[in-house]
Peer 1: 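Sending over a structure as structure tokens; questions will come in a sec.
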Amino acid sequence: MCRRHRLPLLRPLQWAAICVILCAAGVGVIMLHPAAFNTPAQKTWLDMLTESEVPPAIRESLPQVSETMKRVNQHLDEELNVLSLIEGELNELDQIVGAPELERKKSSQWGMTSKAKSPSAPPTAPRPREIPHFGDPNGLSKVDLVDPANMSPIPVLMIACNRVEVKRALDRVVESRWSAERFPIIISQDCLGSAHHAETKEVLDTYVVNHGATLYQQMNITDPLEGRSKKEKKWSGYYKIARHYKFALDKVFAHPARYDSVIIMEDDLDVASDIFEFFAQGRELLRADPTLFCVSAWNDNGKSQHVADPHRLYRTDFFPGLGWMILRSLWDDELGPKWTDRYWDDWVRLPEQRNGRACIRPEVSRTRTFGAKGVSKGQFFNKYLKFIKLNEEHVNFLATNVSYLLKHNYDNALTKHVRSLEVTALTALTSLDSKLSSDIEYVIEYSNNGDFKRMAKALGIMSDNKVRARACVCMCVLVKTGLSRDSLVFPVNTQTYGVVGVVQEGIFRTAYLGIVSIVWRRRGHLEDAPIRVHLAPKLPWDGYQPA
């Protein structure tokens, strides 16, 4: 691996030449320091370079210094890319080497088997199971348990395009559902006329014939960015996806069966064997709690070293996607009439759509993506997504009391629990000789967005918070209009320039009330006992920081 990723280092003589030039010029390191440009009591180096007191020999050497620093920066960028690849391979080794050993030890300790229960028959009669959690399962309000033999249907909407591998996704859906009647499959295919569309259509037809699926074809093949510049058109895929989602969801809720909910899947998702028990019970939560707007099977921070308990569920302020469910009322009354024409998932996360509501998500994901290539060009795939752990221990959620997830049961219990825990430092957790106990949960407090991102990167979890700052909006305006920066009037009115420039809430992935809860194990040590950690904002907390 190391030989294949040999780092592009400069020769020793080249480094010596750089040092000689910098020393001769007398400005190298000082010029790079920001303070050199902001000291009022002295002349700045920029001033000095324009004055006669600088020897001509030094002034003549500066272009060579500048060119050398550019080459150094290029080499550093290449090294960072190589290190990112190496990190991806290390994570992959964690999956290959560490996971089987962890499962073996768990099975030996608890007498469990990692083989998932077959979902071919309906789950056994519900028997409430109280799970250890900071929520209160005995709260005043209760969520009804689902009767699997008499529940109303929940259609499974498969969003397809020209990926022949949709067969893999559909096969997992067919294997995991216990009843075709309770979970009918509806497929919506886009990308008419594109490569592999016809052979993908042939694959989809077999599910219509063999499994009673309904197939819709999205026939609008016009370019949503027709007449735009070539640079703008490279984003047309996101516009087409948003258009397809609108088409597909309209079709589902216009179906004669008058479905009251829908599970949305994509053509590059594997699913766990218990995913439909999870969604069936999750629908009862959506019906009972108006402060929820979706149930998602995905955990953005669900890598093997960050999860442990397949029974544990959470509320989250961040819309996860990647296998999610909504009620008809949300689509008919809110999202459907004003659906966006681009970047649909970021749009759903905006305050206007979320409206202060949350989603339900599992600790151990019930979906995992195998789509390395797509419109997003594999963003995050090699570093995060392909290492998400797919649940292997079948959980009968239909026999699980999930009342602790109701807002009035959950919020106070969560904050009371987290604020009662021992506060520790990030280094105390991540150091090789850490003395923290797996029998105790800990809190690491952060002060602001930058503080959280630093901690998230150290822990290997996702650090972005989906914020579009004013600078991004201004750049979009400048690129679109060709204006100079001096010609902009602040605050920038994005509607004037026809640019979408929204500031999102700044919610970190999986966060709820600012708290991100994970399990911690060192990379490559999946056999270690997991330590539960909550990254929580310091009090008083004024809410998420937009930009």
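Just so it is clear, the model here is predicted, and its values are computed rather than measured. Throughout, residue positions are numbered sequentially from 1 according to the sequence presented.
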Peer 1: Would you call Arg168-Glu165 a salt bridge at under 4.0 Å N-O?
Peer 2: no

Peer 1: Please indicate whether Lys338 has more than 12 foreign heavy atoms, meaning atoms of other residues, nucleotides or ligands, lying under 6.0 Å from its NZ.
Peer 2: yes

Peer 1: Enter the distance from His311:NE2 to Asn396:CG here, rounded to the nearest 0.5 Å.
Peer 2: 9.0 Å

Peer 1: Could you walk me through whether Lys246 and Lys251 pass the side-chain contact (heavy atoms from CB on, under 4.5 Å) test, one step at a time?
Peer 2: CA-CA 9 Å; Lys246 167 70 170 170; Lys251 285 291 187 182; over 6 Å; no

Peer 1: Less than 6.0 angstrom separating the ring centers of Tyr238 and Trp344, yes or no?
Peer 2: no

Peer 1: If you round to the nearest 0.5 Å, how far is CG of Asp267 from CZ of Arg163?
Peer 2: 4.5 Å

Peer 1: For Asn448 and Lys453, run side-chain contact (heavy atoms from CB on, under 4.5 Å): C-alpha distance rounded to whole Å, both residues' side-chain angles, the deciding distance at 0.1 Å, then the answer.
Peer 2: CA-CA 9 Å; Asn448 50 45; Lys453 290 183 178 182; over 6 Å; no

Peer 1: What residues, two or more places apart in sequence or in another chain, satisfy salt bridge (charged side-chain N to carboxylate O under 4.0 Å, His left out) together with Glu199?
Peer 2: none

Peer 1: What residues form a side chain to side chain donor-acceptor pair (under 3.5 Å) with Ser188, not counting sequence neighbours?
Peer 2: His244

Peer 1: Looking at side-chain heavy atoms only, is the closest gap between Glu277 and Trp178 below 4.5 Å?
Peer 2: yes

Peer 1: Assess whether a salt bridge exists between Arg366 and Asp274, defined as any Lys/Arg side-chain N lying under 4.0 Å from an Asp/Glu carboxylate O.
Peer 2: yes

Peer 1: Just checking, any donor-acceptor pair under 3.5 angstrom between side chains of Asn150 and Asp147?
Peer 2: yes

Peer 1: For the ring pair Tyr512 and Tyr410, is the centre-to-centre distance below 6.0 Å?
Peer 2: yes

Peer 1: For Phe318 together with Phe508, are the ring centres under 6.0 Å from each other?
Peer 2: no

Peer 1: Pairing donors with acceptors under 3.5 angstrom, does anything connect the side chains of Arg315 and Thr291?
Peer 2: yes

Peer 1: So Asp464 and Arg509, salt bridge (charged side-chain N to carboxylate O under 4.0 Å, His left out) or not? Walk me through it.
Peer 2: CA-CA 7 Å; Asp464 65 313; Arg509 293 176 187 264; 2.8 Å; yes

Peer 1: Side chains of Asp300 and Trp298: is there a donor and an acceptor less than 3.5 Å apart?
Peer 2: yes

Peer 1: Mind jotting down which residue pairs meet the disulfide bond (SG atoms under 2.5 Å apart) criterion with at least one end in residues 284-346? Sequence neighbours excluded, please.
Peer 2: Cys294-Cys359

Peer 1: Any chance the side chains of Trp331 and Asp250 put a donor and an acceptor closer than 3.5 Å?
Peer 2: yes

Peer 1: Run the side-chain contact (heavy atoms from CB on, under 4.5 Å) check on Asn220 and Arg243 step by step: do they pass?
Peer 2: CA-CA 9 Å; Asn220 185 352; Arg243 180 173 66 188; 3.5 Å; yes

Peer 1: Do the side-chain N and O atoms of Thr369 and Asp268 include a donor-acceptor pair separated by under 3.5 angstrom?
Peer 2: yes

Peer 1: Could you check whether Glu445 pairs with Arg419 (Lys NZ or Arg NE/NH1/NH2 to Asp/Glu carboxylate O, under 4.0 Å)?
Peer 2: yes

Peer 1: Please find the pair of heavy atoms, one from Asn401 and one from Ser403, that lie closest to each other, and give the distance.
Peer 2: OD1-OG, 2.7 Å

Peer 1: Can you tell whether the side chains of Asp260 and Arg283 come within less than 4.0 Å, N to carboxylate O?
Peer 2: yes

Peer 1: Considering only heavy atoms from C-beta outward, does the side chain of Val156 approach that of Phe276 to under 4.5 Å?
Peer 2: yes

Peer 1: Fit a plane to each ring of His534 and His417, take the angle between them on a 0 to 90° scale, and name the class: parallel (under 30°), tilted (30 to 60°) or perpendicular (over 60°).
Peer 2: perpendicular

Peer 1: For Asp205, give me all partners under side chain to side chain donor-acceptor pair (under 3.5 Å), at least two apart in sequence or on another chain.
Peer 2: Lys201

Peer 1: How many angstroms lie between CG in Leu157 and CD1 in Ile185, if you round to the nearest 0.5 Å?
Peer 2: 11.0 Å

Peer 1: Once side chain to side chain donor-acceptor pair (under 3.5 Å) is applied, do any residues pair with Tyr544, and if so which ones, sequence neighbours excluded?
Peer 2: Asp317

Peer 1: Distance from Asn391 atom CG to Ile388 atom CD1, nearest 0.5 Å?
Peer 2: 13.0 Å

Peer 1: Let me confirm one number: the CE-OG1 distance from Met265 to Thr367, rounded to the nearest 0.5 Å.
Peer 2: 7.0 Å

Peer 1: From Leu292 CG over to Ile326 CD1, what is the distance, rounded to the nearest 0.5 angstrom?
Peer 2: 13.5 Å

Peer 1: Between Tyr314 and Glu363, is there a side-chain donor-acceptor contact under 3.5 Å, judged purely by atom types and distance?
Peer 2: yes

Peer 1: Does the side-chain contact (heavy atoms from CB on, under 4.5 Å) test come out yes or no for Val516 and Asn301, once each step is laid out?
Peer 2: CA-CA 9 Å; Val516 173; Asn301 291 323; 4.0 Å; yes

Peer 1: Taking side chain to side chain donor-acceptor pair (under 3.5 Å) as the definition, give me every residue that meets it alongside Tyr245, ordered by chain and number, with sequence neighbours left out.
Peer 2: Glu266

Peer 1: Check whether more than 12 heavy atoms from other residues, nucleotides or ligands sit under 6.0 Å from atom NZ of Lys167, and answer yes or no.
Peer 2: no

Peer 1: Hey, would you say the Trp520 and Tyr442 ring centroids sit under 6.0 Å apart?
Peer 2: no

Peer 1: Are side-chain N/O atoms of Gln305 and Lys389 paired as donor and acceptor at under 3.5 Å?
Peer 2: no

